[in-house]
Protein chains: 2
Amino acid sequence: MTAEQRLRADAQRNVEGIRRAALDVFRTGGLATPLDEVARVAGVSKGTIYHRFGSRRGLIDAVVEELVAEQVREIIEAVEALDGPLVRFEEWLLRTWLLQFDEPAANDVLVRMLPESEPLTTLCDRAAKFGRRLLDDAQAAGVVRPDLTPEDLTCLILERGVIVRACTKQTRADYRRRLDFVLHGLRTPPGITAAGS
Amino acid sequence: MTAEQRLRADAQRNVEGIRRAALDVFRTGGLATPLDEVARVAGVSKGTIYHRFGSRRGLIDAVVEELVAEQVREIIEAVEALDGPLVRFEEWLLRTWLLQFDEPAANDVLVRMLPESEPLTTLCDRAAKFGRRLLDDAQAAGVVRPDLTPEDLTCLILERGVIVRACTKQTRADYRRRLDFVLHGLRTPPGITAAGS
DNA sequence: GCATTACTTGACTGCATCGTCAAGAAGCTA
DNA sequence: TAGCTTCTTGACGATGCAGTCAAGTAATGC
């Protein structure tokens, strides 16, 4: 970070303050929160944010990793520790959906707001790739409907994202209960014995 | 309509023109379309719309019946003609979801945008009441999961509403295919023999 | 301690939309 | 056709957020 070393002391302080404020504010309100709010919390003016980070996207790129990566990684690790293709598949989906409910910022990432942002896209792809592997395994075992595609999986997460954004009134318990209906709909229907060739 | 008879000839013409433009514009773009657009199509100024209909809501109230009631009624009639509680329940849900995809205005009504609007709420309640009856029948027959509540049903339609609004890129065929997953998830899971007491 | 340069500020422009209103246009009546 | 009344107009004010920049402030090096 030679570039950051060259900053004047006050600028250095501000960069840190803005980062911390952004983490705080985005964590609570999602990535769409007005930058005036971040500026207010950081105790600087909006101009300073633009001067330091170039743009709204620049600021998001600078904090998204710290904001979300950990949580996505945690889910992957927790699922890796489980046994059985169906359990693993469903637990991953379930935890992802709950993360979307609990963390507006994580949801914004998973919904691919700002598709131009590289660190954000990277995070997203990592999760998608893992999900795809679980889907493959579950379908190979014949426990998840064979006509479910990786795109369907992406869509299921995207859909959940717009739902949690729009239906802010529902309780977590209700949200959680309804997820079971969806999961149940993804299992191999009775009458089908195994996945296709 | 004595009140309308008293309008001056040009005003009369404009009211009609605005109504027709609103039907046209709302049908295509949903109830959130800017009134400037309606004004443009009607060939009047925005001021005239406000003068004649009082507010955006006033205009919507004046056309929503003609815009959506017919379609909701059609679905109910088509479903009434079917046999079997599961078929009826699923066909109603399916047709409602497809209506939401095909008609932005109908979707806006079902999603309860403008909860203050009386004709809009009436339409909505009519649909909900019918759905509830189908749910009762299907649960009594043991073909739909007994823990599905009428609120869940409302929620399923609401969810679909925000999804079609947000995911405008998906093809109708994909949307349709995925609905089957959801329907499947609402059926009685294996291992449960009949609905509760 | 002073000049220099880096940094910060907040008022400003731009955009999109809602809804209003004074002034002007047009229909209506005698 | 004159004069009254109704109706229409479009510029305007308000809102909320993004992003910019000239002018002011403060750290730094000598």
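Every chain is numbered from 1, with letters handed out A, B, ... down the list of sequences.
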*asked:* Each nucleotide in nucleotides 25-30 of chain C should get exactly one letter: B, S or -. Can you fill that in based on protein heavy atoms under 4.0 Å?
replied: -BSS--

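- Pairs engaging residues 26-36 of chain A under the salt bridge (charged side-chain N to carboxylate O under 4.0 Å, His left out) rule: A/D36-A/K46 [sequence neighbours left out].
- Between A/N14 atom CG and C/dA6 atom P there is a gap of 17 Å when expressed in whole angstrom units.
- Qualifying salt bridge (charged side-chain N to carboxylate O under 4.0 Å, His left out) partners for B/R56, counting only residues two or more places apart in sequence or in other chains: none.
- Contacts of A/E118 classified as side-chain hydrogen bond (donor to acceptor under 3.5 Å, both in side chains), with partners at least two apart in sequence or in another chain: A/T122.
- Regarding A/R6, its CZ atom lies at a distance of 15 Å from the C1' atom of C/dT5, rounded to whole Å.
- Annotation: ring pair (Phe, Tyr, Trp, His ring centres under 6.0 Å) contacts of B/F101 (sequence neighbours excluded): B/Y175.
- Atom CG in B/D36 sits roughly 17 Å away from atom P in D/dT8 (whole-Å rounding).
- Residue pairs meeting the side chain to side chain donor-acceptor pair (under 3.5 Å) criterion with at least one partner in residues 123-135 of chain B, sequence neighbours excluded, are B/R112-B/D125.
- The stretch residues 109-116 of chain B has no heavy atom under 4.0 angstrom from DNA chain C at all.
- Aromatic ring pairs are classed by plane angle as parallel below 30°, tilted from 30° to 60° and perpendicular above 60°; the pair B/H184 and A/H184 is parallel.
- Remark: B/Y50 pairs with no residue by the ring pair (Phe, Tyr, Trp, His ring centres under 6.0 Å) rule, at least two apart or across chains.
- Of the residues in residues 41-64 of chain A, those with a non-hydrogen atom less than 4.0 angstrom from any atom of DNA chain C are A/V44, A/S45, A/G47, A/T48, A/H51, A/R52.
- Residues forming a side-chain contact (heavy atoms from CB on, under 4.5 Å) with A/T28 (at least two apart in sequence, or on another chain): A/D24.
- Here the P atom of nucleotide D/dG16 and the CG atom of A/L35 are 17 Å apart, to the nearest Å.
- Applying the salt bridge (charged side-chain N to carboxylate O under 4.0 Å, His left out) criterion to B/E103, with sequence neighbours excluded, gives no partner residue.
- With sequence neighbours excluded, no residue forms a salt bridge (charged side-chain N to carboxylate O under 4.0 Å, His left out) with A/R13.
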